[in-house]
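Input: a single structure, listed below in structure tokens.
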Amino acid sequence: MAQKENRNESGKDDCSTEEGGREKKPELNTTFADHFEPSERESALYQLWEKSGAFSFDAPVSEESGSSTKDPFVICMPPPNANGELHLGHSYGYSIMDTLGRYHRAQARPVLLLPGKDHAGIQTQVVFENRLRATGRDLSTSTREQLYDECYAFCMDRAQYMRAQEKQLGLSADWEREFFTLDPRLSNVVFETFVRLWDDGLIYRGKRIVNWSVLSGTAISDVEVDRKEVEGTLTYIRYPFASPVTAPKFKEIDLPEGSQLLSAGGGLWVVVGRQEITAATVLRQGEGVDSSLICVEAAKLSKDSAVKKVLSELSVPDEALQVAQALSQCVAAGGGFIATLVAQFDPSEGLVTATTRPETMLGDTALAVHPKDPRYAHVVGAAVVVPLIEREVKVIADNRVEIAFGAGVVKVTPAHDFLDFDIGETHGLPVIQVIGTDGRMTEEAGAYKGLEARECRKRVVADLEAKGLVEKIEKIVHKVPIAERSKDIIEPLISEQWFVAVDDKKHSLKGRALELLQSGKIDIHPPHFRKEFEHWLKNLRDWNISRQLWWGHRLPVWYRDQAGEMETKVSIEVPSGDGWRQETDTFDTWFSSGQWAFTTLAACGELDMQTGKAAKGAFPSECMVMGRDILFFWACRMLLLTAYRMDEVPWKSIYFTGLIRDEHGQKMSKSKGNGIEPGEIIKKFGSDALRVGLLFGTTPGNDVNMGEGKISGYSKFINKLWNAAKLLQMRTLGDCQSACPPPAQIRSDAAVWIVAEVCRVRAHVRHLMDTYQLGQALSELYGFTWDTYCDWYLEVVKVLTKESASPDTAALAELRWAAQYSFGSLLEMLHPFLPFLTEEIYQQLPGLGTAPTLCQAAWRPDPKQVSFESASGQRSTDAMVRVIEVVKAIRSSKVSLGGLGSGIRVALNTDPLSEEGERLVQELGRVQLVKPAEISADRAVAQVFARGVILFDHPDRAGFATKLSKEATSLEENIERLEKRLASDFAARAKPEVVAVEREKLQVAKQTLSRLSEELKALAR
RNA sequence: GGGCGUAUAGCUCAGUUGGUAGAGCAUCAGCCUUACAAGCUGGGGGUCACAGGUUCGAGCCCUGUUGCGCCCACCA
């Protein structure tokens, strides 16, 4: 008893004892520091979590929320490349995943955030080789095995560093289940997949054109190719005909009346007039056009035909300005014109083709023109001679040739150009490889053999010039393919590679994947990415999975010479017998990471690959969080391979994040220097601030603009919450060592109100979190914490804990319970977003919950003891809302009345307030409440608000009248609008509840207006 | 050329079944108010890109136009 007394005393005495010395800073009953210092506390808090075992998938599930048979929440987190460090994009993804993980853990679900690192084939090999070279090491002296082992160690080292960064961010991953993509436990499953694909006939080996990086000596995938604009030259080379070709002759006639002849460049012309020019029509000489003229394509110019469209129909380049202008004029003149593309052609000297890579001509096996090109219609099928190498090849027609580019003739080099390779396949052309994998000219290049490609280019041009076969050389800016990692120019060439057939007739991998996707088994956030996903999947082409690298999984393929024959076996283990040697190619890194969704779970025993069963239900995992930029190469492939191996989707939902940009929406890059290092931000503002900065207001799929200003702004929130805790500790919770029991009956309107508010927000936040609307949830919590909780509830707490308050122990107990309940709930809800700060507060304020750490705490249920939803409870909540409205109205009025000071007298003409309510109105509104009659008529000023009228005891009535009449006008307008609406079809057609709402609004507005008018009348007297 | 997105306050962005537009920052006015001046109170500011359509009613749905952006392919 005495103890209890003491507690009550000290709770309020601390404030009152210092009453005398105002300038002296009072001794606060707090252990809280002035500010939360993230850098000092974060690592200790993380250790606390790790020690608690809460991050483990095996952690016991909190029993507070009922059944323990809840589905697990599993994310196999995308493994970052183990060759560097984390960037802001990683922080973003991790923030989302960790927030989801912590949220679901708090819903009493078993949670597995499975971490990992990717070996990242070519990227790592390039990074690692550069490092070795930087130390002066000669790589040729090392064996493949040596390099592999050293690189493995290097990756382990980087992985450790990155793991530390992940922990710094607060990532609540299950570190016991962390994997590296080259881990043998995973690799075996990867190899198995390959073997099965092979057995199913879905793997083939073939000579294909690939992107070849000479520097790294490997083929690289399309997605690892960047394009860079460089200045180059376009060389026009003449290929003489093998035997003379004659052009057809046409008779000459005049241009039709009113026609215009316009040059479109490249020997092409456009005639614009009222009638079409036909093939039989030939333009007269003297107009700059030679005699042999062929006409083709015509396009009508009507009112709604855009000039650009006509130009493209005619295959005229947009740059043909003169033509464009003329066409515009014709369109403006009302249309009805016809534009006809015509051409001149002089075939005697052979065909001219343009190229940026003259050296590849040595491998030409055809020339190609567009089948509709008027200039070359008659030469299709003719033979031309490839100069220098003196090879006779045919002219073919293919609609992939663009009429408008260069001379409209393409030299076809199937071995060294992707388009040419395709054209070659269509037309059955031979493939002649003149550039080797070492970047030097091959045997096929004849006299040029052994030259480097660049050198050969110069020699070829010089030799052609000597023969007079170079028409002209233009400078052009064009994009050349360069290797994303090694930065050298890609040389497309033919090489033997391993492929996965993705659309096999018997067993279509992409077909099955597409089925699963379209079955709706995967929730996609944002939803519109489904279309894009399908689009990519549909357009997937056979997948080259081999790389000529030493870093990665070596293909489980074995060779040996057997009596002069090459024997090939595909198996995980070395086949029995002697003389087997393993394929040297390694897998494309996406082949292994494409199986991440099940290899990881299999490796940690959560998935049985034989039966496909996951005992604890970890597969398929709940969610995948992925940057939208890798949808194509990762999401597609993961779905493809998981569908194949498991006949199941890899995840139940996929969340695509946008990209992180700088504050001006620019891409972050080292060269621009606008990048943000997550480590620096954490050092400066703390992990919580970074997380909030990244998550606030984000929506799936949309890019996030990030600047330091945004983070420093949100770091204010951390201070705010810290101070809220400090206040509660000082005012009411400082003496609570454990949770206060809920009172049997709650008398305080404020207590019911805040608890009800918290429950309402919790329901809403749950909904938002369950539907992956993290940004919305955070924003909701932020607003609630700041506006409702701090600016109203804590102010209320201050009033109710003032020393002048009656020492009512029951009331105090009630207050403490409400404070603990509401603040504990708030911390629980904020914890997924701000884990460190909330945990620190939780640790410092005992009694906020029963779990040893907030990270393990399940969200508390709505209090059963308090039936705030009952009729009486609802009234109580209403009562507090009324108090708030009154105070707001008073404050607002005071400002508009010219800043009435504090302590003025105010009377309320509304429903009576409770004792507590009156006290709150007086304290928070800084007024003295009196009865209406006590305010003398000549000093009364009335302010109408939604619930009634406030009478102010104030002499200045004149200025106020203007304001009142303004309000009246706006009310009248509002009423008019509402009445008009209710008189319209609206009343009959809209939903009844909507109509009712509008009626209610009208009634309130009318009542308010009538009160307002009365007050105005009174003022006028 | 193919696919997709986006346009809302001065800036950065929310706005999920269609019901009279929101936040943060910035700005203006007023506050030392014993948790926080990294704070508090109040205010101003928007024909929701443009043009049509569906609907009683459109920021939201449909069509078209324009600007910006992303991804893929491509410039021989």
Side-chain angles (χ1 to χ4, degrees), chain A residues 15 18-19 22 25-26 28 30 32 34-35 222-223 227 234 304 312 353-357 360 368 400-402 404-413 417-420 423 476-479 526-529 531-532 535-536 539 628-629 631-632 658-659 663-665 667 696-699 701-707 709-710 712-731 768 771 773 775-776 779 782-783 790-791 794-795 798 888 891-896 898-899 902 926 974 977-978 981 984-991 993-995 997-998 1001:
Chain A
C15 294
E18 294 295 330
E19 202 51 30
R22 275 203 86 94
K25 207 166 184 198
L28 299 177
T30 176
F32 278 71
D34 280 353
H35 303 291
D222 293 347
V223 292
R227 277 166 198 280
L234 192 58
D304 46 39
S312 81
T353 177
T355 178
T356 53
R357 296 190 300 151
T360 62
R400 282 167 282 195
V401 178
E402 259 187 67
F405 187 87
V409 181
V410 181
K411 53 189 275 308
V412 184
T413 322
D417 184 279
F418 282 86
L419 179 65
D420 291 4
I423 293 178
I476 58 158
V477 175
H478 65 140
K479 286 182 180 173
H528 69 253
F529 270 63
K531 268 193 285 182
E532 211 159 318
H535 175 254
W536 285 125
N539 291 321
R628 59 144 218 254
D629 51 329
L631 185 160
F632 163 61
L659 308 178
E663 49 205 328
H664 307 295
K667 226 174 189 168
F696 203 98
T698 59
T699 42
N702 284 356
D703 291 353
V704 186
N705 291 359
M706 244 351 248
K710 191 175 174 186
S712 73
Y714 288 123
S715 72
K716 289 182 191 173
F717 183 56
I718 285 159
N719 186 55
K720 186 75 181 172
L721 196 62
W722 181 252
N723 273 292
K726 203 155 71 175
L727 176 109
L728 281 174
Q729 202 263 358
M730 275 170 11
R731 289 302 188 120
L768 292 171
T771 49
Q773 300 180 71
Q776 277 297 107
S779 150
Y782 179 94
C790 290
D791 292 349
L794 292 188
E795 291 305 316
K798 278 195 214 170
K888 273 187 178 174
R891 282 171 177 166
S892 165
S893 303
K894 276 161 78 175
V895 170
S896 72
S902 58
R926 290 170 183 271
N974 198 12
R977 197 169 46 235
L978 284 166
R981 170 177 300 176
S984 73
D985 286 354
F986 171 77
R989 302 225 186 181
K991 281 183 240 162
E993 61 265 32
V994 176
V995 178
V997 168
E998 297 299 296
K1001 277 187 202 161

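Chain naming here is simple, since letters A, B, ... match the order of the sequence lines and numbering starts at 1 in each.
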Check the distance between [N]'s [atom2] and [X]'s [atom1] and give it to me in whole angstrom.
{"X": "K888(A)", "N": "G42(B)", "atom1": "NZ", "atom2": "C1'", "answer": "11 Å"}
{"X": "D34(A)", "N": "U34(B)", "atom1": "CG", "atom2": "C1'", "answer": "13 Å"}
{"X": "D420(A)", "N": "C75(B)", "atom1": "CG", "atom2": "P", "answer": "9 Å"}
{"X": "E532(A)", "N": "G2(B)", "atom1": "CD", "atom2": "P", "answer": "16 Å"}
{"X": "L768(A)", "N": "A23(B)", "atom1": "CG", "atom2": "C1'", "answer": "15 Å"}
{"X": "W536(A)", "N": "G3(B)", "atom1": "CH2", "atom2": "P", "answer": "11 Å"}
{"X": "H35(A)", "N": "A35(B)", "atom1": "NE2", "atom2": "C1'", "answer": "11 Å"}
{"X": "L721(A)", "N": "A35(B)", "atom1": "CG", "atom2": "P", "answer": "16 Å"}

Problem - Base of G2(B) and ring of H535(A) stacked, centres under 5.5 Å, planes under 30° - result: no
Base, sugar-phosphate or nothing for [X]? Non-hydrogen atoms, less than 4.0 Å.
{"X": "S779(A)", "answer": "nothing"}
{"X": "D703(A)", "answer": "nothing"}
{"X": "K720(A)", "answer": "base"}
{"X": "T413(A)", "answer": "nothing"}
{"X": "T356(A)", "answer": "sugar-phosphate"}

Using the [atom1] atoms only, state how far [M] lies from [N], rounded to an integer number of Å.
{"N": "C4(B)", "M": "C75(B)", "atom1": "C1'", "value": "23 Å"}
{"N": "G30(B)", "M": "A49(B)", "atom1": "C1'", "value": "38 Å"}
{"N": "G44(B)", "M": "A29(B)", "atom1": "C1'", "value": "10 Å"}
{"N": "G46(B)", "M": "A21(B)", "atom1": "C1'", "value": "8 Å"}
{"N": "U63(B)", "M": "U54(B)", "atom1": "P", "value": "15 Å"}
{"N": "U12(B)", "M": "G53(B)", "atom1": "P", "value": "33 Å"}
{"N": "G18(B)", "M": "U27(B)", "atom1": "P", "value": "39 Å"}
{"N": "C11(B)", "M": "G2(B)", "atom1": "P", "value": "33 Å"}

Taking a pair as Watson-Crick or G-U wobble with both distances under 3.5 Å, which nucleotide is matched to [N]?
{"N": "G52(B)", "result": "C62(B)"}
{"N": "A23(B)", "result": "U12(B)"}
{"N": "U41(B)", "result": "A29(B)"}
{"N": "C70(B)", "result": "G3(B)"}

From [X] atom [atom1] to [Y] atom [atom2], the distance as rounded to the nearest 0.5 Å:
{"X": "T698(A)", "Y": "Q776(A)", "atom1": "OG1", "atom2": "CD", "value": "9.5 Å"}
{"X": "N723(A)", "Y": "K716(A)", "atom1": "CG", "atom2": "NZ", "value": "14.0 Å"}
{"X": "F717(A)", "Y": "K720(A)", "atom1": "CZ", "atom2": "NZ", "value": "10.0 Å"}

Side chain of [X], heavy atoms from C-beta onward: which of [options] has the nearest atom to it?
{"X": "R628(A)", "options": "C40(B), C4(B), C70(B)", "result": "C70(B)"}
{"X": "V410(A)", "options": "C36(B), C74(B), A76(B)", "result": "A76(B)"}
{"X": "Y782(A)", "options": "G24(B), C4(B), A76(B)", "result": "G24(B)"}
{"X": "D791(A)", "options": "C40(B), A35(B), C74(B)", "result": "C40(B)"}

Handout entry: Sub-4.5 Å side-chain heavy-atom contact between T360(A) and K411(A)
Key = yes
Exercise for the section: Check whether any side-chain heavy atom of I423(A) lies under 4.5 Å from a side-chain heavy atom of D417(A), and answer yes or no. Expected result: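 No - every pair of side-chain heavy atoms lies 4.5 Å or more apart.
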Check this one for me: any side-chain N or O of [X] less than 4.0 Å away from OP1 or OP2 of [N]?
{"X": "T699(A)", "N": "A14(B)", "result": "yes"}
{"X": "N702(A)", "N": "C70(B)", "result": "no"}
{"X": "R926(A)", "N": "U33(B)", "result": "no"}
{"X": "K798(A)", "N": "A35(B)", "result": "yes"}
{"X": "K531(A)", "N": "G5(B)", "result": "yes"}

Handout entry: CA sep, side-chain torsions, deciding dist, call: K726(A), D34(A), side chain to side chain contact (heavy atoms under 4.5 Å, CB included)
Key = CA-CA 9 Å; K726(A) 203 155 71 175; D34(A) 280 353; 4.2 Å; yes
Problem - Check: H535(A) main-chain N/O paired with N539(A) side-chain donor or acceptor under 3.5 Å - result: yes
Completion exercise
When L727(A) and L659(A) are each assigned the nearest nucleotide of RNA chain B, the 5'-most assignment goes to L727(A)
Exercise for the section: Inspect the contact between D703(A) and R628(A) and indicate whether a charged nitrogen and a carboxylate oxygen are less than 4.0 angstrom apart. Expected result: yes
